[in-house]
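What you see is a predicted model; the values in this text were computed from it and never measured. Below, chain A is the first sequence line, B the second, and so on; all start at residue 1. The basis for the numbers below is simple: all heavy atoms, side chains too, and nothing from hydrogens, waters or symmetry mates.
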There are 2 protein chains.
Amino acid sequence: MAETSAKGESLLFLTDEQLRKGIEAMFFAYRGFTADPDRILETMDYGRAHHRAIHFINRSPGLTVSGLLALLGVTKQSLNRVLRTLFEDGLVEARVGKTDKRERRLHLTEKGAALERALSDAQRARMRAAYRAAGPQAVQGFRTVLEAMMDPEMRRQYLGLREEAQ
Amino acid sequence: MAETSAKGESLLFLTDEQLRKGIEAMFFAYRGFTADPDRILETMDYGRAHHRAIHFINRSPGLTVSGLLALLGVTKQSLNRVLRTLFEDGLVEARVGKTDKRERRLHLTEKGAALERALSDAQRARMRAAYRAAGPQAVQGFRTVLEAMMDPEMRRQYLGLREEAQ
DNA sequence: GAATTTACGTCAGCCTTGTTGACATTCCAA
DNA sequence: TTGGAATGTCAACAAGGCTGACGTAAATTC
């Protein structure tokens, strides 16, 4: 992949110092990345874990619990604690699977969708500003490097998004 | 900034869908980013918080506690718990400041430096593989977008690295 | 039709890492 | 000399990870 650019021209970008800069960039940028939604969440009684669940349920309506578990990479006990509060507060609802009645298909309620919008609007605003400042070429590179940094299994999840909703 | 590229050519990279992909890329990539050091840390009795402290002390020997506090963005009580175990285990040592004797200048011991090397070797290996696969142009874009995504204060910290050691 | 496996929930307990609040010490600087 | 900065520390609490064990209903397999 990335056969395009002059890859062999110079390996200066692979020095330990360059890599360290990249590592710190990830650290600091991730803080910015989560800062805006975190501010919204803390006014309610939610945390980042709730945000992640809401995000993926919104992205793939009808997602099963085990599907969500695989995406988030946590234990079911941990996820359940979060899901329970989302059910109780009426942000998420579970519908029994049509073909397999053991499954619980997760959907956002109107209220849940509203929160999702608030959270992702905030997060997208920052992302949009960063993208705009950096330009399309940089965005392309950004995505390429991030994708290469994922574990293979996560990369599958990331790339195979479209076909795993119901 | 980034006056270089054809910025006005097309704004397709700013669609909500593109932004959502970017958001998920950050999420999944960050998991990969921390996975290797995490594996090493959990064999010892340490966590990610220890890693972060060790990283920044290594980068800026002689860093003060409050300097580290600012970099990490946590409370002193939280940091202190971590620092204490690092002192006890002989990975970090504190030297009283020369000019200001209230300050405790933090340094890695040989043992601490060894752990730092192990952790950053693991993390750099993944970063290097990603960089190599993506190519220098992509790496440039990656860094540009991440930098734009940081909070201004964090960007200062990130860019002003070199001059804050003792 | 019985046995097993799968999907899910739940109880209990533990750990790390974050938080707030309060208080003490030391030392620099005005 | 006095205020404030740099630091440590005690206590208590919360979020959100984890493991282990157990239960139930539905699907699947033998």
Side-chain angles (χ1 to χ4, degrees), chain A residues 27 30-31 34-35 37-55 57 62-89 92-106 164 166, chain B residues 27 30-31 34-35 37-55 57 62-89 92-106 164 166:
Chain A
F27 173 68
Y30 199 79
R31 282 244 293 270
T34 56
D38 280 358
R39 258 188 292 276
I40 296 174
L41 288 159
E42 83 179 10
T43 71
M44 329 173 97
D45 240 20
Y46 299 129
R48 226 175 265 179
H50 299 84
H51 182 190
R52 292 194 281 258
I54 287 174
H55 173 93
I57 294 171
L63 189 64
T64 63
V65 172
S66 54
L68 186 51
L69 237 30
L71 284 166
L72 297 178
V74 299
T75 60
K76 66 175 173 174
Q77 293 91 329
S78 194
L79 174 59
N80 221 263
R81 191 166 31 195
V82 168
L83 276 185
R84 195 170 351 175
T85 73
L86 294 176
F87 291 144
E88 284 167 1
D89 297 350
V92 173
E93 60 181 23
R95 304 179 194 155
V96 173
K98 283 171 198 152
T99 61
D100 187 336
K101 289 176 192 160
R102 291 170 306 178
E103 294 176 339
R104 299 174 66 191
R105 299 284 181 163
L106 304 170
E164 70 192 323
Q166 186 192 30
Chain B
F27 174 68
Y30 200 79
R31 282 243 292 272
T34 55
D38 280 358
R39 258 188 293 277
I40 296 174
L41 288 159
E42 83 179 9
T43 70
M44 329 174 97
D45 240 19
Y46 298 131
R48 226 175 265 179
H50 299 83
H51 182 189
R52 292 195 281 256
I54 287 173
H55 173 92
I57 294 170
L63 190 63
T64 63
V65 173
S66 55
L68 186 50
L69 236 30
L71 285 166
L72 297 177
V74 299
T75 59
K76 66 176 173 174
Q77 293 89 331
S78 194
L79 174 58
N80 220 263
R81 193 164 31 199
V82 168
L83 277 184
R84 195 168 357 175
T85 72
L86 294 176
F87 291 145
E88 284 167 2
D89 297 351
V92 173
E93 61 181 21
R95 304 180 194 154
V96 173
K98 283 170 198 155
T99 61
D100 187 335
K101 289 177 191 159
R102 291 170 306 178
E103 293 176 340
R104 298 174 65 190
R105 300 282 181 164
L106 304 170
E164 71 192 323
Q166 185 192 30

_With the threshold set at under 4.0 Å for non-hydrogen atoms, list the residues of residues 39-49 of chain A touching DNA chain D in residue-number order._
Gly47(A), Arg48(A), Ala49(A)

*Point-to-point distance, once rounded to the nearest 0.5 Å, from CD1 of Ile54(A) to CG of Leu106(A)*: 11.5 Å

*Under 4.0 Å from any atom of DNA chain D, heavy atoms only: list the residues of residues 78-87 of chain A that qualify, in numerical order.*
Ser78(A), Arg81(A)

*Starting at the 5' end of DNA chain D and moving along, which residue's nearest nucleotide shows up first, Arg52(A) or Thr64(B)?*
Thr64(B)

*Basic-acidic side-chain contact under 4.0 Å: Glu103(A), Arg105(A)*: yes

*Is the shortest side-chain N/O distance from His50(B) to OP1 or OP2 of dT17(C) below 4.0 Å?*
yes

_Thr75(A) side-chain N/O to dG17(D) phosphate OP1/OP2 under 4.0 Å_ = no

Taking N or O atoms only and anything under 3.5 Å, show me the protein contacts with nucleotides 2-5 of chain D, one pair per line.
residue	atom	partner	partner atom	Å
dG4(D)	N2	Arg102(B)	NH1	3.3
dA5(D)	N3	Arg102(B)	NH1	2.5

*asked:* According to side chain to side chain donor-acceptor pair (under 3.5 Å), who are the partners of Tyr30(B), at least two apart in sequence or on a separate chain?
replied: none

_Where Leu86(A) and Ala53(A) come nearest, the two heavy atoms and their spacing_ = CD1-CB, 4.1 Å

*In Å, rounded to the nearest 0.5 Å, how long is the span from OG1 of Thr43(B) to CG of Leu41(B)?*
7.5 Å

Set out, line by line, the N/O atom pairs under 3.5 Å between protein and nucleotides 21-24 of chain C.
residue	atom	partner	partner atom	Å
dG21(C)	O6	Gln77(B)	NE2	3.0

*Could I get the full list of salt bridge (charged side-chain N to carboxylate O under 4.0 Å, His left out) partners for Arg48(A), not counting sequence neighbours?*
Asp38(A)

*Listed partners of Ala70(B) passing side chain to side chain contact (heavy atoms under 4.5 Å, CB included), at least two apart*: Gln157(B)

_According to side chain to side chain contact (heavy atoms under 4.5 Å, CB included), who are the partners of Ser78(A), at least two apart in sequence or on a separate chain?_
Val74(A), Thr75(A), Arg81(A)

*What are the two closest non-hydrogen atoms of Val96(A) and Lys101(A), and how far apart are they?*
CG1-O, 3.5 Å

*Rounded distance (nearest 0.5 Å) linking atom OG1 of Thr85(B) with atom CE of Met44(B)*: 11.5 Å

_Euclidean distance, atom CG of residue Asp100(B) to atom P of dA29(C) [Å, nearest integer]_ = 7 Å

_Applying side chain to side chain donor-acceptor pair (under 3.5 Å), can you list everything that pairs with His51(A), at least two apart in sequence or on another chain?_
none

*Among all residues two or more places apart in sequence or in another chain, which pass the side chain to side chain donor-acceptor pair (under 3.5 Å) test with Asp100(A)?*
Arg102(A)

_Spacing between Arg31(B) atom CZ and dG16(D) atom P, to the nearest angstrom_ = 16 Å

*Is any side-chain N or O of Arg105(A) closer than 4.0 Å to OP1 or OP2 of dC8(C)?*
no

*asked:* Can you measure Lys101(A) atom NZ to dA7(C) atom P for me and round it to whole angstrom units?
replied: 17 Å

*In whole Å, what is the span from the CG atom of Leu69(A) to the P atom of dT19(D)?*
12 Å

*asked:* I need the CG-C1' distance between Asp38(B) and dT17(C), as an integer number of Å.
replied: 13 Å

*Taking only residues two or more places apart in sequence, or in another chain, which ones meet Glu42(A) in a side chain to side chain contact (heavy atoms under 4.5 Å, CB included)?*
none

*Taking only N and O in the side chain of Thr99(B), is any of them less than 4.0 Å away from OP1 or OP2 of dC28(C)?*
no

_Can you list everything that forms a side chain to side chain donor-acceptor pair (under 3.5 Å) with Asp89(B)? Sequence neighbours excluded, please._
Tyr46(B)

